[in-house]
Amino acid sequence: MKSLILFVFLLILPAEAFRPTLLLGNLIERTCRQTPFYDLCVWSLKTNPESRNADVKKLARIMVDSVLKNKASDTLDLIDELLQDGFTLDPALHKALSSCAERYSVIIGGDVPEIIEALETGDYKFAERGTNDAAMEANSCEVEFPGKSPLTHMNKVVHDVSVVAASIVKIILHSQW
Amino acid sequence: MPHLFVLAIAFLFPFFFLVVKLLKKQLIHGGYTLPSGKIKSNQIYFGKFSLSFFFAFSWSQPRTVNHPPCLPSEALPIYSNENLRALKHRTPLFLPSYSAVRFYFFFIRFIQLYQTMADTDPFLPKSSSDGSYPTGSQATRRSPIKEQLTIFFGLLAVGLFAALLIGKNGSYNAHVQENKHGSLATSTTKKPETLGPVSRGPAAGVSEKSNRLSAKVDGNLLVYPWNNSMLSWQRTAFHFQPEKNWMNDPNGPLFYKGWYHFFYQYNPNAAVWGDIVWGHAVSRDMIHWLHLPLAMVADQWYDVNGVWTGSATILPDGKVVMLYTGSTAEAVQVQNLAYPANPNDPLLINWVKYPGNPVLVPPPGIDKMDFRDPTTAWLTSEGKWRITIGSKINKTGIALIYDTTDFINYERLDGALHAVSGTGMWECVDFFPVSKTEENGLETSVNGPGVKHVVKASLDDDRHDYYAIGTYHEKNGTWIPDQPEIDVGIGIRYDYGIFYAAKTFYDQNKNRRVLWGWIGESDSEAADVQKGWASLQSIPRTILFDNKTGTHLLQWPVEETESLRLKSNEFNQVTLQAGTVVPLDVGSATQLDIMAEFVIDKEALEKATGSNETFSCGTSGGAAERGALGPFGLLALADESLSEKTPVYFYIAKGSDGNLKTFFCNDQSRSSAASDVNKLIYGSFVPVLEGENLSLRMLVDHSIIESFAQGGRTVITSRVYPTKAIYGAAKVFLFNNATEASVTASLKIWQMNSAFIRPYPNDGKF
């Protein structure tokens with residue numbers, strides 16, 4: 001009897017370790033497969049607890065409201081840091097950083113609210129517009145630097161997250177229901 | 001996959017249970033002899049097995065990556081190849097295989113044990129003092145069924161277990177392979193469907209340079225952050241736009257008590273879409289507009305999430321009724337009724353919403369977010385009012401039909417006015433009659449033998465406006481297109497550039513049908529926020545049936561546009577040899593009305609060799625791609641050195657059968673040195689009939705160019721944002737980039753005055 005209990009116990013343990021992944025990864029994986037950045041998409045969504053029972057619309061919302069907004073805010077914080085740190089010595093760099101600061105403010109204060117309102121009211125073309133614009137702002141920020149950009153990583157992240165969000169919105173827009 | 005796991009566990013349970021039951025004695029006291037002679041107890045064997053089983057399961061699972069949020073100061077670890085691989089596969093594959101092998105060997109051992117149980121167990125005493133070691137009786141009591149079952153379950157569990165391990169690891173590998181180049185490379189990805197375009201407009205077929213994170217300076221294409229001089233130049237002089245902030249769809253246009261009224265979707269708070277309410281302006285001539293206070297705001301539960309698009313109906317007694325879509329507090333799209341607070345006020349400043357709103361809610365079978373933009377109503381032969389509202393069912397765009405007598409109670413007609421599969425959601429549906437013979441507009445209720453009806457829809461899926469001409473069957477409220485192959489959504493567009501959510505109205509003042517269209521921006525929203533505004537309306541255009549082609553409508557700027565014309569310059573019979581550019585000295589070139597005619601060398605037309613290649617403006621190389629018989633036309637908003645220019649041109653393609661096909665294009669690829677503006681090439685085939693010269697009218701008004709080919713048969717509107725070709729530096733040229741043909745051009749170019757669009761003055765004098 002003791003042995004039986006021991007075996008049962010040992011069987012249950014590994015089950016708990018991986019059951020959630022197997023059963024609930026499906027919609028996220030299916031959705032992310034239709035975006036150009038699968039790994040980023042899956043990682044961003046799975047690490048967010050709200051994605052547990054989410055439908056595609058909610059996934060889009062998470063990608064924008066949590067991931068994109070946070071990454072853009074982080075980038076804006078970094079830009080502020082750089083501007084204060086003395087990069088002002090190089091006027092071209094300073095100009096590029098200021099322009100980037102404006103672009104990221106627009107992503108956070110303009111694009112994100114536009115996308116969220118569009119997702120909530122069902123006028124998805126404005127969600128598509130906002131996500132495409134966020135990708136473009138990040139890209140435009142990057143090309144403004146005359147030499148090596150201090151923001152390459154963050155710009156790439158924001159750009160890729162925006163593209164993923166745009167793809168998810170496109171899935172909603174073209175869905176069969 | 002999950003089911004396999006559940007099955008495996010399910011079968012393992014009875015297996016183990018039976019094992020324990022059958023081998024109880026063995027388990028507690030039994031053991032086995034290794035070849036070396038050592039004796040190991042069965043308990044240890046079971047323990048080892050269980051541990052390996054446990055490890056097999058836990059190690060074979062992919063980890064949920066619980067990566068801590070990345071701090072801005074560190075490089076994002078997930079974005080390096082090595083780290084991604086490490087995160088994904090911490091498990092060397094041999095561990096689960098090893099455990100599976102151990103499990104298998106155990107199972108074999110169990111079979112051996114089981115078979116030797118019939119013989120005397122060497123470790124148990126032969127005799128016993130009490131009868132509590134019922135070895136013999138155990139042997140006789142062992143049932144064949146239990147034996148079979150145990151083996152069955154065990155084998156099944158092993159098989160499922162193995163399948164699980166192999167299946168899970170295999171598919172995961174495939175994922176990483178498939179997406180590795182997509183997620184980490186800096187070159188263009190191979191999935192045009194899902195990659196969001198970096199600049200405005202459809203990405204299909206045009207090299208987007210979408211991943212320019214590494215490309216800084218591209219030839220002489222330097223990047224300009226926008227300065228105030230460039231941005232303030234972009235504001236137009238004679239196109240309708242509010243003083244600031246965001247605008248989109250035209251709403252409820254009408255003529256009432258001597259004034260043209262124009263309402264529009266407006267965001268009072270920002271230069272991006274959101275918080276939508278109804279803006280309002282009036283004009284005597286549809287050109288000189290005066291801004292009025294907001295007509296309707298989002299102050300009711302049924303439109304708190306947006307006072308969206310709607311249309312006006314003027315009743316026979318002169319009363320005005322407005323139907324519009326509201327997005328409710330729960331984001332349901334409903335139709336609401338509103339009317340002027342004071343019908344004697346010609347300016348219609350205040351509006352009242354019907355207290356019993358909403359008057360229409362989404363019917364069964366229609367999604368609550370696919371029901372918007374009611375049209376102007378028209379009378380049926382029974383004296384009822386009929387409206388149509390766009391929607392979709394799966395991927396079929398549809399125009400629903402409702403009848404009403406009081407605009408408060410509606411009955412839905414079966415079926416729909418029309419539907420076209422594969423077109424997606426139909427927004428801003430419009431339905432109106434056109435005369436086949438007369439050159440005037442028709443009131444919306446008119447029907448009869450000399451009348452055709454137009455159905456128009458704005459396709460949400462591709463953001464373009466499509467129309468088709470057909471016949472309206474009044475009795476059952478249906479409409480059949482004349483040519484189903486160019487049906488709504490798959491055929492002709494009002495405009496091949498930026499033009500959406502268009503709406504017509506019947507102007508009873510001048511007996512014409514007038515078209516409005518929303519012209520969005522094609523620059524970045526950051527620039528919009530910086531300049532403080534976004535979007536324009538098209539110049540209002542009259543609509544006429546083109547009885548020469550029978551398939552097209554003709555759009556032309558309303559005649560009042562000509563009242564803005566100032567000084568003009570005429571150029572007669574200018575010969576353009578192949579490969580020439582001719583400057584046109586007209587002075588300032590940012591506010592122009594150009595009428596041009598082109599005649600191509602007849603000989604060259606005949607001599608040119610035809611080819612099977614199909615041409616399309618969007619996939620061509622623009623004005624720089626030289627063909628035998630084109631491109632030739634105008635270069636608008638071009639600077640002296642032609643570093644920035646927007647060519648609007650004709651391109652004649654000769655087929656292998658000798659037939660000529662003419663295309664009309666607008667090329668933005670070199671319109672600006674800035675990198676964050678739309679660089680696409682717009683355009684389409686334009687029907688040119690026997691004996692017609694190529695004609696072009698172009699309105700240039702700062703950041704908008706509207707071009708009308710063949711009297712308005714094909715129209716292209718584009719937004720242009722030059723950095724150098726602005727103010728006095730903007731010029732206009734003629735060009736002929738054909739290789740074999742010379743072209744003769746005759747033009748008249750007017751300077752255009754400003755329309756001085758401003759708020760309605762408080763003292764009433766304007």
Side-chain angles (χ1 to χ4, degrees), chain A residues 3-4 6-7 10-11 13-15 17-18 21-23 34-40 43 46-47 74-75 77-78 95 99 102-103 106 110-111 113-114 117 120-122 124-126 131-133 135-137 139-140 142-145 152-157 162-163 166-167 170 173-174 176, chain B residues 1-2 5 9 12 16-17 20 27 43 46 50 53-54 57-58 61-62 64-67 72 75-76 78-79 84 175 179 182-183 189 191 194-199 212-213 215-216 223 225 270 272-274 305-306 327 331 333 367 369 394-395 424 460-461 463 524-526 529-530 675-676:
Chain A
S3 313
L4 181 64
L6 178 66
F7 302 141
L10 286 170
L11 278 177
L13 268 179
F18 76 95
T21 318
L22 258 186
L23 293 174
Q34 297 174 65
T35 73
F37 301 108
Y38 176 82
D39 298 318
L40 171 64
W43 171 73
K46 283 194 177 169
T47 51
D74 291 345
T75 313
D77 291 341
L78 173 60
K95 199 164 156 203
S99 167
E102 263 185 68
R103 291 191 189 273
V106 168
D111 290 333
E114 180 181 13
E117 181 165 346
E120 269 170 15
T121 55
Y124 300 111
K125 61 180 182 288
F126 292 110
T131 48
N132 286 336
D133 185 70
M136 200 233 280
E137 304 292 359
N139 202 30
S140 303
E142 182 65 18
V143 300
E144 275 175 19
F145 286 94
T152 305
H153 278 296
M154 296 309 292
N155 279 333
K156 178 148 178 43
V157 172
S162 306
V163 166
S167 306
K170 237 186 160 67
L173 201 57
H174 293 263
Q176 293 292 325
Chain B
M1 275 311 150
F5 162 62
I9 294 293
L12 276 166
F16 278 122
F17 182 69
V20 168
L27 283 175
Q43 275 181 333
F46 256 94
S50 317
F53 185 80
F54 165 71
F57 262 115
S58 18
Q61 299 324 306
T64 42
V65 181
N66 278 307
H67 201 279
L76 244 123
I78 199 160
Y79 263 91
L84 256 175
H175 274 306
N179 292 287
S183 58
T189 62
K191 295 186 191 176
T194 53
L195 176 63
V198 170
S199 56
R212 296 232 312 176
L213 291 192
K216 302 294 172 62
V223 178
V272 298
W273 179 84
N305 265 323
S327 181
Q333 290 165 12
D367 189 273
M369 294 209 211
N394 292 331
K395 278 283 273 179
D460 203 12
D461 279 7
R463 253 88 70 234
S524 75
E525 289 189 10
V529 169
Q530 201 178 334
S675 63
D676 53 353

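Values below: every heavy atom of this structure, side chains too, minus hydrogens, waters and symmetry copies.
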*asked:* Testing the basics here: between Thr121(A) and Ser327(B), what is the closest heavy-atom pair and its distance to 0.1 Å?
replied: CG2-OG, 3.7 Å
*asked:* Could you report the tightest heavy-atom contact between Glu120(A) and Met369(B), atom names first, then the distance?
replied: O-CE, 3.5 Å
_Within the 4.5 Å heavy-atom criterion, are Glu525(B) and Met136(A) side-chain neighbours or not?_
no
*If you measure from OH on Tyr124(A) to CG on Asp461(B), what distance do you get to the nearest 0.5 Å?*
12.5 Å
_Need one label for Glu117(A): side chain, backbone, both or neither, based on atoms under 4.5 Å from any heavy atom in chain B._
both
_I need the minimum non-hydrogen distance between Ser524(B) and Arg103(A), along with the two atoms involved._
OG-NH1, 3.6 Å
_For the student: nearest non-hydrogen atoms of Ser140(A) and Asp676(B), plus distance_ = OG-CB, 3.2 Å
_Short side-chain to backbone donor-acceptor contact, Glu102(A) and Ala526(B), under 3.5 Å_ = no
